[in-house]
Amino acid sequence: MKITLKDGVVKEFDNAVSVYDIARSISEGLARNACAGIVNGETKDLRFIVENDAEVNICTFDDEVGKEAFRHTASHVMAQAIKRLYPETKLAIGPSIADGFYYDFDREKPFSPEELEEIEKEMKKIAKEDLALERFELPRAEAIKLMEDRQEPYKVELINDLPEDAVISFYEQGEFIDLCAGPHLLSTKVIKAIKLTSVAGAYWRGNEKNKMLSRIYGTAYTKTSDLEAYLTMMEEAKKRDHRKLGKELKLFALLEEGPGFPFFLPKGMVLKNTLLEYWREIHKEAGYVEVSTPIILSKELWETSGHWDHYKDNMYTTVIDEHDFCVKPMNCPGGMLVYKQDMHSYRDLPMRVGEIGLVHRHEKSGALHGLMRVRCFNQDDAHIFMTEEQITSEISGVISLIDSVYKLFGFKYHIELSTRPEDSMGSDEAWELATNGLRDALEENNIPYTVNEGDGAFYGPKIDFHLEDSIGRTWQCGTIQLDMQMPERFELEYTAANGSKKRPIMIHRVCFGSIERFIGILIEHYAGQFPTWLSPVQVKVLPISEKFADYANKVSDELDKAGIRVETDHRAEKIGYKIREARNERIPYIIVVGEKDEAANKVSLRSRANGEEGQIDLKDVIERIQQEIKTRVSNVNTGVSVE
RNA sequence: GCUGCUAUGGCUCAGUAGGUAGAGCGUCGCCUUGGUAAGGCGGAGGUCACGGGUUCAAAUCCCGUUAGCAGCUCCA
């Protein structure tokens, strides 16, 4: 029997072997670290017996599949601990997730933090007991009986809902048995570096009509040091939470008077306008023009676009002179009307029309979250009208534009292609053409991507950009959508070379997505330490005492004239105190002026990056800062934030 | 929207068993005029989110509303 390994090496075996044995034949170390295997493309247990020639890939914690098996086993260990401590608890489901695992339980009281600690202790005990996990399968009737005997009604329901031909498997460790497809580790022994992180409510099977269960979240790693690094990262994330920093740095405010409608304060407004300035600059270079369409438009328009049918529950409406109007949740219908203001020739295409559009969407109260999820926000939208032949090159152009934006901020990113959802409009042919257009552009540019089946917009497929911030979290921001439905519904036309009327194809696209949300992401990405070009205040001038107020004013006037955003702290405080405060405000440059500086006609510079830099000519400081602003240097601080 | 938790001066938070409020920071005033992460003293500032109820008495107990937090669901 021939087993082909992931690096192409072929191993010969006389008899059927388990995945674990294959791992051991490679090395003891691999066997020790193995969590699961992939046999002919299917995820399998280490216990799985390979009987014929096969391709086998051994997965450790470093592989997604291995990590899932590891954490799934951790969730079983947690369930076992809970059944030991609180036997009346009913088990629901417990999978692994991105950063760890959870398990849902049905219990009278929610779990308290003290109980979490008890559970954690019991889990560590179970690990020490080194219980072997055994897999077994049962026919449906016996499976149901087993779970009925163990008084697990949720498991009985799950089994009843399994398809006729499903294999019903269980995993057993010590006295604990759980319905589970696997895979799982061989023993509880390695589940040591664990932490239960939180308790929350969650509906049985995710349906809000069902009973609310208690969900315990936890995480597990192979090494204590990795667990600690993760917990430190979580702490760091909490420290740079944009809601906290937004308040501290006086960027924006969220008030009870406007739930989900953020107020931008003067400093936040500088940030926003600076981003928009940049946006306008690069779009002008890329051949875009800019328009602005109204916030309130007639209901009929939204019926034409299809938005009313699909999203009326999330749209704000109003009545003007007895006519129904809607507050726009998207800019595209307005963009359609702009296109129709004129006749278009094929020579005019592609037409790239940008719009910073303020949209409103009625989000459920529980969905609101700082600037990340709001009820009104600005989209950095653009609609590109083009011919079929132009699809690939236009998509490529947008991809490279978005790429340059993310690079500027130091974001890594990956791309997902989302295909036709169930609830959608348009013909199969149109969808195929559009989906292929996106795919071709990605492939022509050699851009790796994953496919997200059925996650497209109702009017077309899309490419989504998921960017990764400085502490490893991902955010979906940019998107490129190809749309053949809106031009049809709005009867857009252009005159082709032969004089016939043709339908243009359109792209909807955003780089930032929501500007508000992008600002939220930037706050967390930079931990409030914005690069100089973005900093609301770029220099703070601190006179040593009131005697040097005039000199400080002179210095700050020169900075101001040089186009640098400057503030001067004239309070009668000690210099150490003023520095401390300016640092907490994350200001990139601090200028200290006192007797020595005035005498030498220089300034003492302190930069956020290098600390104290000594006495220096103001002219040199200005040049350096101007250069940083001009080139938009964006050095990301991944270290621990101030305070 | 659902479940749970929370709401006290501008900010961060104390307030134990119901007896009409405290601290630190900030702010203001005075002293200090100080060279790289908090100088000292003093003052002002709160109908304890809002509306009901229980009680001789409610920041504290109960009900409702609003907003926030965590999670679920949703996110064109």
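In the text below, chain A, chain B and the rest are named by the order of the sequence lines, each starting its count at 1.
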Colleague: Would you mind telling me which of B:rC74, B:rU36, B:rU33 lies closest to the side-chain atoms of A:I579?
Modeller: B:rU36
Colleague: Under a 3.5 Å cut-off for both contacts, is B:rC74 paired Watson-Crick or G-U wobble with anything, and if yes, with which nucleotide?
Modeller: none
Colleague: By a 5.5 angstrom centroid cut-off and a 30 degree plane limit, is there stacking between A:Y311 and B:rA76?
Modeller: yes
Colleague: Does A:R517 get its side chain close enough to the base of B:rC75, under 3.5 Å, for a donor-acceptor pair?
Modeller: no
Colleague: Could you point out which residue of A:E488, A:K462, A:H383, A:H508 forms a side-chain contact (heavy atoms from CB on, under 4.5 Å) with A:D483?
Modeller: A:H508
Colleague: Whom does B:rA67 pair with, Watson-Crick or G-U wobble, provided both distances fall under 3.5 Å?
Modeller: B:rU6
Colleague: What is the base-pairing partner of B:rG34, counting Watson-Crick and G-U wobble geometry with both distances under 3.5 Å?
Modeller: none
Colleague: Which nucleotide in the list B:rG35, B:rA67, B:rA70 gets nearest to the side chain of A:E595?
Modeller: B:rG35
Colleague: With a cut-off of less than 4.0 Å, is there a side-chain N or O of A:Y217 near OP1 or OP2 of B:rC72?
Modeller: yes
Colleague: Taking atom C1' of B:rG39 as reference, at what distance in whole Å does atom CD1 of A:I575 sit?
Modeller: 14 Å
Colleague: Please name the nucleotide paired to B:rG29 by Watson-Crick or G-U wobble geometry with both distances under 3.5 Å, or report none.
Modeller: B:rC41
Colleague: How far does the C1' atom of B:rU8 sit from the matching atom of B:rG4, given to the nearest Å?
Modeller: 22 Å
Colleague: Is the closest basic N to carboxylate O distance between A:K540 and A:E567 below 4.0 Å?
Modeller: yes
Colleague: So A:H362 and A:Y316, ring pair (Phe, Tyr, Trp, His ring centres under 6.0 Å) or not? Walk me through it.
Modeller: CA-CA 7 Å; A:H362 177 74; A:Y316 295 112; 5.5 Å; yes
Colleague: Does the side chain of A:R571 get closer than 4.0 angstrom to OP1 or OP2 of B:rG29 through an N or O atom?
Modeller: no
Colleague: Under 4.0 Å between a side-chain N/O of A:R243 and OP1 or OP2 of B:rC69, yes or no?
Modeller: yes
Colleague: Look at the side-chain N and O atoms of A:H362 and state whether any lies under 4.0 Å from the OP1 or OP2 oxygen of B:rC74.
Modeller: no
Colleague: Among A:N378, A:I523, A:L467, which one satisfies side-chain contact (heavy atoms from CB on, under 4.5 Å) with A:F518?
Modeller: A:L467
Colleague: Rounded to the Å, how far apart are A:Q379 CD and B:rC75 C1'?
Modeller: 12 Å
Colleague: Picking from A:F411, A:Y406, A:W475, what satisfies ring-ring contact (aromatic ring centres under 6.0 Å, His included) with A:H525?
Modeller: A:F411
Colleague: Could you give the distance separating B:rG15 and B:rG24 at their C1' atoms, to the nearest angstrom?
Modeller: 15 Å
Colleague: Under 4.0 Å: is that the gap between some side-chain N or O of A:K247 and OP1 or OP2 of B:rU12?
Modeller: yes
Colleague: Answer yes or no: does atom CD of A:E157 have more than 12 heavy-atom neighbours from other residues, nucleotides or ligands under 6.0 Å?
Modeller: yes
Colleague: Considering residues, nucleotides and ligands other than A:E300, do more than 12 of their heavy atoms fall under 6.0 Å from its CD?
Modeller: yes
Colleague: Nearest whole Å is fine: how far is B:rA70 P from A:L368 CG?
Modeller: 11 Å
Colleague: Using purine N1 to pyrimidine N3 plus N6-O4 or O6-N4 for Watson-Crick, or N1-O2 and O6-N3 for G-U wobble, each under 3.5 Å, what pairs with B:rG19?
Modeller: B:rC56
Colleague: Rounded to the Å, how far apart are A:L251 CG and B:rC11 P?
Modeller: 16 Å
Colleague: What is the base-pairing partner of B:rA14, counting Watson-Crick and G-U wobble geometry with both distances under 3.5 Å?
Modeller: none
Colleague: In whole Å, what separates the C1' atom of B:rU12 from that of B:rG18?
Modeller: 27 Å
Colleague: It should be established whether A:Y203 places a side-chain nitrogen or oxygen under 4.0 Å from OP1 or OP2 of nucleotide B:rG1.
Modeller: no
Colleague: Using the P atom as the point on both nucleotides, what is the distance between B:rG64 and B:rC56, in whole Å?
Modeller: 24 Å
Colleague: Separation of A:R373 atom CZ from B:rU73 atom P, in whole Å?
Modeller: 12 Å
Colleague: Could you check how far CZ of A:R205 sits from C1' of B:rC2, rounded to whole Å?
Modeller: 19 Å
Colleague: Expressed in whole Å, how much space separates the P atoms belonging to B:rG42 and B:rG26?
Modeller: 16 Å
Colleague: For A:E363 and B:rG68, give me the distance from atom CD to atom P, rounded to whole Å.
Modeller: 13 Å
